[in-house]
Amino acid sequence: IEWRLLRVLTGIEDNILADIPSRAVILTPRLLPSDTIHMNTRNAVAFVTEEGSRSSHSAILARALDLPYVSNVNSRIFTSIPQRGEIIVDGNKGRIIINPGPEEKQNAISDQTKKKRKFRSIKKKLVTKSFMMGDDPIGILSNISNAEDATLAAESNVDGIGLFRLEALYMAKSVLPNERDLVNDFVKILKPVQNLPVTIRLLDIGGDKSLPYLKTESGRNPLLGLRGVRVLKKYPGLLRTQLRAFIRLAKDHEMKILIPMASIADDIVFIRSALENECKKLNSSCSIKIGAMIETPSAIMDIDNIIANSDFLSIGTNDLIQYAVAADREKLSCSEYYEAGAELIIKSLGTVIQKSRTAGIDCVICGEMAADTEYTKALLDSGFRQFSVAPARINKLRKALADILG
Ligand code: PEP
Ligand code: MG
């Protein structure tokens, strides 16, 4: 509301990002999922923000679009940059150059061309390569939010969709979608991957992700309040519509349901019973698998109970790390803790993986850590065999796997 009010009072158009000129660098204090939903992403070439860190939503979006992103930039410089000026955004070095000289421009262009060439040759060599670790095949899956992601995932020859996030689909609407809207949207979005298994996550709203037409919780600590499955438990109608749409989709599509923020076993029991109810009403056999997203420390503390109630697990490291070290994933001021948390979390994940193996259920990693090639070896060593990453990261992951596994 604060942001929207400011936009109205300052006369800034609501969907300013829908109209950005081509080759635009987006400079903004922060980018929220609700800001980017209407963005004409084809015209954006880089993001620069004041707030944000490696796992913030803006970083996830930049990775999904394969765009350079620099955060922790003092917003005062935003006002000193002319609207039609030129700017180099170097995501690797974490720096920006405003109004670069001819030599700086030339160097940046040739760096970019070299990288693109190298990447094209990696893609050509690796796109059909499969990997084994001992006797275990390595699964390469994709995270998607829309039809463009699904097309890229299909072109990248993935084994399936490991995380279909529904938030963008809901945010693009002005009223809650009904069952038919959802089924139509799913069929359209999933067309490029219609022959692949898909894990759809129930709507993960609340906390840092809001819908203009649905009242969730604000006030202090919304990240510790109603979000993910907790919102669905409070609004049974919101849950029911999704479950019914999933049941209809499952008739023609191999799919699983993922529960966001499953922090106690009852979260899974609740969703399973709601699914069974809807299956009965729709006269459906109800063989859809239900998995828990492990993104709170309590889910790890009670992992035996969580596994006993789940058909598979998916590890959401973005939230898991922020809750484990009490360091907001959006805040760069806490990034030292966030990074330390990433190292620590790998140890506890080893136990989760071993237990899910013993129980004979799949365990995928779908948080940003899965795509961070700095951690690929550690994740393989701790037992991970299934990685779900943004489409633009798939071939980088393949390159890291080729370097490690040959
Ligand atoms: C996560 O928390 O790791 C995750 C994949 O979910 P999101 O980034 O959508 O919160
Ligand atoms: Mg999450």
Side-chain angles (χ1 to χ4, degrees), residues 30-34 36-37 52-65 69 141-146 149 153 160-171 198-211 216 222-232 256-263 267 291-300 306 312-331 338-339 341-342 344-346 348-349 352 363-372 375 379 384 386-393 397:
R30 61 182 174 157
L31 265 180
L32 297 173
S34 47
T36 53
I37 193 66
S53 68
R54 262 152 66 123
S55 286
S56 61
H57 295 292
S58 24
I60 293 179
L61 181 74
R63 262 183 225 115
L65 298 170
Y69 169 50
L141 310 161
S142 179
N143 296 348
I144 64 165
S145 284
N146 50 45
D149 290 349
I161 301 304
L163 172 65
F164 176 11
R165 288 182 168 102
L166 296 188
E167 295 71 50
L169 191 158
Y170 272 79
M171 281 175 192
V198 174
T199 299
I200 307 191
R201 180 173 73 180
L202 284 159
L203 182 66
D204 181 18
I205 218 73
D208 47 1
K209 301 175 212 158
S210 59
L211 295 177
T216 43
L223 280 172
L224 301 182
L226 275 187
R227 60 164 296 198
V229 65
R230 301 171 190 183
V231 176
L232 304 174
K256 299 178 193 166
I257 298 175
L258 183 59
I259 306 174
M261 287 283 290
S263 37
D267 291 337
M293 194 148 178
I294 306 297
E295 46 186 351
T296 58
S298 66
I300 295 191
I306 298 276
F312 69 98
L313 302 180
S314 186
I315 314 285
T317 49
N318 309 340
D319 278 310
L320 180 58
I321 298 169
Q322 86 166 340
Y323 290 123
V325 276
D328 189 332
R329 66 196 254 191
E330 296 289 327
K331 285 206 167 65
Y338 200 93
E339 301 296 319
L344 291 172
I345 221 69
I346 292 183
S348 355
L349 292 182
V352 175
C363 183
V364 183
I365 176 162
C366 69
E368 291 303 294
M369 192 185 246
D372 190 336
Y375 295 113
L379 292 172
F384 279 102
Q386 297 196 62
F387 297 75
S388 189
V389 303
R393 310 298 288 185
L397 172 65

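Please read all numbers here as calculations on a predicted model, not as lab measurements. Order of appearance sets the numbers: ligands from 1, and atoms from 1 within every ligand. Every heavy atom of this structure was used, including side-chain atoms; hydrogens, water molecules and symmetry mates were not.
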Numbering the atoms of ligand 1 from 1, which are under 4.0 Å from a heavy atom of Ile60?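 Per the distance check, 8 (O).
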
Atoms of ligand 1 less than 4.0 Å from Asp319 heavy atoms?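 Heavy-atom distances to Asp319 below 4.0 Å select 1 (C), 2 (O), 3 (O), 10 (O).
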
Do any of the N/O/S atoms of Asp204, backbone or side chain, fall under 2.8 Å from the Mg ion (ligand 2)?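 Within the cut-off used here (under 2.8 Å), Asp204 places no N, O or S atom near the Mg ion (ligand 2).
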
Any donor-acceptor pair under 3.5 Å linking the side chain of [X] with the backbone of [Y]?
X: Glu167; Y: Asp204; answer: yes
X: Arg165; Y: Asn143; answer: no
X: Tyr338; Y: Asn318; answer: yes
X: Ser298; Y: Ser263; answer: yes

Should one rank Arg329, Met369, His57 by closest heavy-atom distance to atom 8 (O) of ligand 1, which comes out on top?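 Answer by nearest heavy atom: Arg329.
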
Can you sort out the partners of Asp319 under salt bridge (charged side-chain N to carboxylate O under 4.0 Å, His left out), two or more places apart, ordered by chain and number?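 For Asp319, the residues satisfying salt bridge (charged side-chain N to carboxylate O under 4.0 Å, His left out) (neighbours in sequence not counted) are Arg227, Arg329.
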
Looking only at protein heavy atoms, which one is nearest to atom 4 (C) of ligand 1, and what is the separation?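 Nearest neighbour among protein heavy atoms for atom 4 (C) of ligand 1, to 0.1 Å: Met293 CE, 3.4 Å.
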
Only to 10 degrees, please: what angle do the OE1 atom of Glu295 and the OD2 atom of Asp319 make about the Mg ion (ligand 2)?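 Here the angle at the metal atom is close to 100°, to 10°.
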
Working for side-chain contact (heavy atoms from CB on, under 4.5 Å), residues Phe164 and Leu258: CA-CA 9 Å; Phe164 176 11; Leu258 183 59; over 6 Å; no

Is there at least one pair of N or O atoms, one from Glu167 and one from ligand 1, spaced under 3.5 Å apart?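 In fact, backbone or side chain, Glu167 has no N or O that close.
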
Do any nitrogen or oxygen atoms of Glu368 lie less than 3.5 angstrom from nitrogen or oxygen atoms of ligand 1?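 No.
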
Below 4.0 Å from any atom of ligand 1, is there a heavy atom belonging to Arg201?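 Arg201: in contact with ligand 1 (<4.0 Å).
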
Do the side chains of Arg393 and Glu368 get nearer than 4.5 Å, heavy atoms only?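 No. Closest side-chain heavy atoms not under 4.5 Å.
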
